[in-house]
Amino acid sequence: MKQFWVGLVTAFFLFLSGLNNGNAKMTSTFVRSEWPSTDIPLDNQAFAVPKGRNAPQQVHITQGDYEGKAVIISWVTPDEPGSLKVQYGKSEKKYDLTAEGTVSNYSFYKYKSGYIHECLLDGLEMVTDLSLGCAPFYLWLPGDLGQTYNSLSTLQHYMQSGADAVLFVGDLSYSDRYQYNDVGIRWDTWGRFVEQSTAYQPWMWSAGNHEIEFMPYMDEVVPFRNFLHRYPTPYLASKSTNPLWYAIKRASAHIIVLSSYSPFVKYTPQWTWLEEELKKVDREKTPWLIVLMHAPIYNSNEAHFMEGESMRAAFETWFVQYRVDVIFAGHVHAYERSYRISNIQYNVTSGDRYPIPDKSAPVYITVGDGGNQEGLAGRFLEPQPDYSAFREASYGHSMLEIKNRTHALYHWNRNDDGKKVPTDAFVLHNQYWGGNLRRRKLNKHHLRSTIQPITAKFLLDSE
């Protein structure tokens, strides 16, 4: 029997002042002696199968609803279906609630998956505390992780830092670098690899190009099959018609997940859904508006340069109109942060043809530096574009610490030969509440109302 603690919700509102935005643009000259970009061997302890007959493995948690009052627990049993019941409670000594899930399996080429269980724990409560002494809300933003020793370094550094939730920007296992049955096997190893974190706190998923796995030579032509079978998302809760794009509210943030590899031009389902979802954002209740995608809209690396241009043309005007605070992407295996800029003035026949400073625009951050087997993208375009604030070709991890409704602290830590090295940091001013944009007196009740952490303990039993 496995026992897990999961922190479900944390939010807070505190005052912060006297901080400014970043430094002049720069390209880091740091060059690291990179560990080999090869996957960890299958017999390594990082992929260890839990002891016991039909023991649950690959446990992971994600948000299960729109408002943050439910979670989806997923796990795999290798030999036969396990119990569908999950016992849970708010006390370590009392499991007074029970939920019943579903089980399924699938084939990919000749590989047969284990038995994949999913269970929704809903009706969870949030506790309101009228005090100011509450902790910040931390988010980890990884992408392009893979399962190399560099990946392990990134994951371990993050776990030392700690966060309340994880926003993953796509490219999970890199199993598509393999063929035939090894594709499915490497999905299993990745699930066990990240379980040390995914079993204890919610990871919110988005899909990258390595999740497509279009492999006609194996008669596998349905995109995203492995990903969709293994990693559920609460897409129906936000009225989405597809698990690859959805939205959630997490503490004081409204988080929108987009799919770079699904149709998104005008009138398509994703375009239509996003148009309606942005109208529902209430910055009084969720001050922060965060967008996730895989292919970056602004990128000055030679790798994947301008691959996000079509999505920029489709959605950038909305991002500016609704004052999105920050957009995180992956895909490029390096780190880069932009200034607030936009390129919405040019209309083919007239207007400025280049990105210009725009105080209403988001900050764009590329975090495809998780550590996968394809290695680093070390060649940046020169000279460094004016829209690029900081860039470095290193592995690392990003943290966003939401302090209150006006300010958040962001920092990126380089993985330097197994060590965590703080490298880039700035204060993110909220586009709706922060800076000089909206000088308004905050309601005292809003300042003092907080959502404190809720912990739920749950049991998975293979018997």
Side-chain angles (χ1 to χ4, degrees), residues 2-6 32-52 54-62 73-79 111 113-114 116 140-163 166 168-179 181-203 205 208 210-211 226-227 230-231 330 333 367-376 394-397 413-420 460 462:
K2 283 191 174 183
Q3 299 185 8
F4 303 91
W5 274 100
V6 52
R32 63 162 292 170
S33 54
E34 184 180 341
W35 291 341
S37 296
T38 56
D39 280 348
I40 299 171
L42 291 173
D43 59 356
N44 190 277
Q45 186 64 27
F47 305 140
V49 176
K51 296 179 180 179
N54 207 41
Q57 59 174 268
Q58 305 176 51
V59 181
H60 54 274
I61 302 163
T62 193
I73 312 291
S74 303
W75 69 97
V76 176
T77 54
D79 303 318
Y111 162 84
S113 77
I116 302 169
W140 179 39
L141 292 306
D144 302 71
L145 187 59
Q147 43 194 308
T148 70
Y149 288 104
N150 292 304
S151 313
L152 180 60
S153 174
T154 299
L155 184 60
Q156 290 176 336
H157 287 157
Y158 155 65
M159 292 181 67
Q160 293 167 9
S161 301
V166 177
F168 197 97
V169 296
D171 282 0
L172 286 67
S173 68
Y174 282 77
S175 296
D176 66 335
R177 302 273 292 176
Y178 293 85
Q179 295 181 322
N181 289 349
D182 287 340
V183 176
I185 290 172
R186 279 296 179 173
W187 274 103
D188 287 331
T189 57
W190 195 81
R192 295 195 294 271
F193 174 69
V194 295
E195 185 186 51
Q196 56 190 300
S197 175
T198 60
Y200 300 96
Q201 61 182 181
W203 286 45
W205 306 104
H210 285 281
E211 278 71 70
N226 284 297
F227 173 78
R230 293 169 181 266
Y231 294 95
H333 301 164
V367 291
D369 52 356
N372 67 83
Q373 63 164 273
E374 290 182 336
L376 292 169
S394 293
Y395 297 124
H397 72 274
N413 297 286
R414 175 201 304 147
N415 298 351
D416 183 0
D417 297 326
K419 300 177 182 178
K420 182 180 72 174
L460 302 183
S462 60

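None of these values were measured; they are calculated from a predicted model.
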Using the side-chain hydrogen bond (donor to acceptor under 3.5 Å, both in side chains) criterion, which residues pair with [X]? Sequence neighbours excluded.
| X | answer |
| --- | --- |
| Ser197 | Gln201, Trp203 |
| His333 | Asp144, Tyr174, Asn372 |
| Gln147 | Arg186, Thr189 |
| Trp190 | none |

Residue list, side-chain contact (heavy atoms from CB on, under 4.5 Å) with [X], at least two apart or on another chain:
| X | answer |
| --- | --- |
| Asp369 | Tyr335, Val367, Trp412 |
| Gln373 | Asp39, Thr148, Arg177, Tyr178 |
| Ala163 | Tyr138, Trp140, Tyr158, Met399 |

Spacing of Leu145 atom CG and Asp171 atom CG [to the nearest 0.5 Å]: 10.0 Å
Quick one, Val183 with Tyr111, criterion side-chain contact (heavy atoms from CB on, under 4.5 Å). Give me CA distance, side-chain angles, the key distance, then yes/no. CA-CA 8 Å; Val183 176; Tyr111 162 84; over 6 Å; no
Looking at side-chain heavy atoms only, is the closest gap between Leu172 and Phe227 below 4.5 Å? yes
Those residues at least two apart in sequence (or on a different chain) that pass salt bridge (charged side-chain N to carboxylate O under 4.0 Å, His left out) with Arg230 are Asp188
Could you give me the CA-CA distance, side-chain angles and deciding distance for Ser151 and Phe193, then say whether side-chain contact (heavy atoms from CB on, under 4.5 Å) is met? CA-CA 10 Å; Ser151 313; Phe193 174 69; 4.0 Å; yes
